[in-house]
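Structure, as structure tokens:
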Amino acid sequence: HDVLLLRCAPPNNVAGTPREHPTEFFSSARLPRTTPWGPRMSVATAERVPMFASFGLYNYRLFWTGGFVSNVGTWMARVAQDWLVLTILTDNSSLALGIVTGLQFLPTAVLAPWAGSVADRFDKRKVLLFTQTAMTITGLVLAGLVLGGHVALWHVYLLATLQGAAAAFDGPARQAFAPEMVPRHLIANSVGLNTTSFHAARLIGPAVAGLTIAWWGVSLALLLNALSFVAVIVALLLMRPDELTPAPVTRAKGAVREGLVYIGRRPEIMVVLFVVFMLGTFGMNFQLTNSLMATAEFKVGPEESGLTGSIMAIGWLAAGLIAARRTTLRLRLILGALAGFTIAVTLLTFAPNYLTYVVLLMPTGFLALTVMTASNASVQLAVDPEMRGRVMAVYSAVFLGGTPIGSPLLGWAGEAWGPRWTLAIGAIACGLAVVLAGLYLLRRNGWEWPRLRTPSEPEIEVVEEPR
């Protein structure tokens, strides 16, 4: 995976340096040797960072390895849990599966403000030890219930909610902890390697889960997921605390409220949030739709059902590689990719057989990740630096908060009208989002296409690390 490198220039009030045009680089001669955020990363230094430079650091190497094992287990658990609900606890009930999926993400939407506050107020390594232990326990309980033959649907509902609550606190702490393990000039490198870990696990986990379920049963797949969290716990315990650089503790209040006010004054950001809400609520429910199409529509086994996630991950990886090369972000890219996603999902809806369906999953995954990466990066680049954390907290809540609404709704539609309607509704909703967002932007801007405004802040440009 190509590494994302950030070339930063100071704002006007740093060492009296005048601001250049947003598309221009600052030469090293015009930059001070230090900034209020730490030593300046020069262009020359950035270009010399090797692709796997962060692996040279003991703590990060442990963290990445444990995270990769855990990510594989997480993707295995998603397939195993879907198979458990659809084939063991119910007779292919899409409503039950939709409720489980919604309960997994509901805590993230509800607890987002407090989870971010916990990550800022306490030692992040200790927070991660607590959350990983909690997820290990919930995973072991579910695996034990299945293995003992005592599992009921309400057990899955309850454990999915508890697992989601732990994940809600784990996510912000994990993202904020990564920069504490590497020096400033390797932060972008560590982010790129973390992305590789996630998508590589997405490629491997579902396929391994399908084979495990077919050969040994669903209980072993769930047990392996529970044990995968131990890899992160061991990695955290083996770290060298003296090599970490903890961030200062903050006690700020009213952060989310202030972020909402700021967003309300930025219509172009509100449009992006509307797009990701519609995508996350109705379009990104493939954990539900893939399982239903595989089991209820195409009548295939667990191997083929697990393969859908791995095939889709190919498109995700391809989109990630292209995103690493992208140097400009426009609203037309976001809406254009969402329009393409709408077309791809429409084709999935009418796929005549399993083979056609899995082939179409690759471009669908590619377009979905293009919308997500472009939306995320465009919002980060468009906001003022002091508001970025709060705005992104709202962004995450909006993107994930719709899943508890969309998943049960799509599950009910699949049960009432058939599995293909779970895809059709997503295509209709995303297509409507493209039309409404486009018309709103054109009308507000005098029927001329607007661009995201970039505030007066340190310049950030994405460049490609030489291979």
Side-chain angles (χ1 to χ4, degrees), residues 75 78-79 81-83 85-87 90-98 101 199 202-203 205-207 209-211 213-214 278-319 336-372 403 406-435:
W75 286 111
R78 291 187 180 183
V79 174
Q81 181 177 265
D82 294 349
W83 191 260
V85 172
L86 288 175
T87 65
T90 69
D91 184 16
N92 290 318
S93 173
S94 54
L95 178 60
L97 183 58
T101 304
H199 291 299
R202 188 184 187 122
L203 188 64
L211 294 175
I213 294 170
M278 296 295 283
L279 178 66
T281 302
F282 301 104
M284 293 298 297
N285 286 281
F286 290 104
Q287 182 180 352
L288 168 70
T289 56
N290 284 345
S291 297
L292 284 175
M293 290 294 289
T295 58
E297 185 68 25
F298 299 125
K299 310 297 183 183
V300 296
E303 302 96 327
E304 292 84 357
S305 181
L307 189 62
T308 58
S310 296
I311 293 294
M312 195 170 193
I314 297 175
W316 289 72
L317 284 170
L338 186 62
F341 175 80
T342 300
I343 295 172
V345 175
T346 302
L347 294 176
L348 282 175
T349 303
F350 296 100
N353 51 56
Y354 173 79
L355 180 60
T356 304
Y357 184 84
V358 295
V359 170
L360 289 172
L361 283 176
M362 286 187 282
T364 304
F366 174 87
L367 291 164
L369 190 65
T370 299
V371 177
M372 288 188 290
T403 303
S407 289
L409 177 62
L410 293 179
W412 171 83
E415 194 163 277
W417 303 326
R420 293 185 185 272
W421 275 98
T422 61
L423 292 165
I425 292 174
I428 294 170
C430 291
L432 185 63
V434 173
V435 174

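- Using modelled atom types, one side-chain atom of Thr90 and one backbone atom of Val85 make a donor-acceptor pair closer than 3.5 Å.
- Taking CG of Asp82 as the reference point, atom OG1 of Thr101 lies at 6.0 Å (rounded to 0.5 Å).
- Glu297 meets the salt bridge (Lys or Arg N to Asp or Glu O under 4.0 Å) test with Arg420; sequence neighbours excluded.
- Minimum heavy-atom separation, Thr356 to Ala351: CG2-CB, 4.3 Å.
- Contact detail for Ala339 and Val434: the closest heavy-atom pair is N-CG2, 3.7 Å.
- For Pro206 against Trp75, the heavy-atom pair with the smallest separation is CD-CB, 3.8 Å.
- Here the shortest heavy-atom pairing between Met278 and Ala429 reads CE-O, 3.4 Å.
- With sequence neighbours left out, Asp91 forms a side-chain contact (heavy atoms from CB on, under 4.5 Å) with no residue at all.
- Pairs engaging residues 414-434 under the ring-ring contact (aromatic ring centres under 6.0 Å, His included) rule: Trp412-Trp417, Trp417-Trp421 [sequence neighbours left out].
- Contacts of Thr87 classified as side-chain hydrogen bond (donor to acceptor under 3.5 Å, both in side chains), with partners at least two apart in sequence or in another chain: Trp83.
- Taken from CG in Leu95 to CG in Leu409, the straight-line distance is 10.0 Å, to the nearest 0.5 Å.
- Atom-to-atom distance recorded for Leu423:CG and Met293:CE is 5.5 Å, nearest 0.5 angstrom.
- In terms of heavy-atom proximity, Leu367 sits nearest to Ala344 at CD1-CB, 4.2 Å.
- Closest heavy-atom contact between Ala413 and Ile425: CB-CD1, 3.5 Å.
- Proximity of Thr289 to Pro419: side-chain heavy atoms (C-beta onward) are nowhere separated by under 4.5 Å.
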**Item:** Stepwise side-chain contact (heavy atoms from CB on, under 4.5 Å) test for Ser291 and Leu97
**Value:** CA-CA 9 Å; Ser291 297; Leu97 183 58; 4.0 Å; yes
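- Taking Ile428 as the reference, nothing meets the side-chain contact (heavy atoms from CB on, under 4.5 Å) condition, with sequence neighbours excluded.
- Within the model, atoms CG of Asn285 and CG of Leu292 stand 10.5 Å from one another, a figure rounded to the nearest 0.5 Å.
- Rounding to the nearest 0.5 Å gives a distance of 4.5 Å between CG of Leu86 and OG1 of Thr295.
- The shortest side-chain heavy-atom distance between Ser93 and Glu415 falls under the 4.5 Å cut-off.
- For the atom pair CG (Leu348) and OG1 (Thr422), the distance works out to 10.0 Å, reported to the nearest 0.5 Å.
- Under the side-chain contact (heavy atoms from CB on, under 4.5 Å) criterion, Asn290 pairs with Phe286, Thr308, Met312, Tyr357, Leu361, not counting sequence neighbours.
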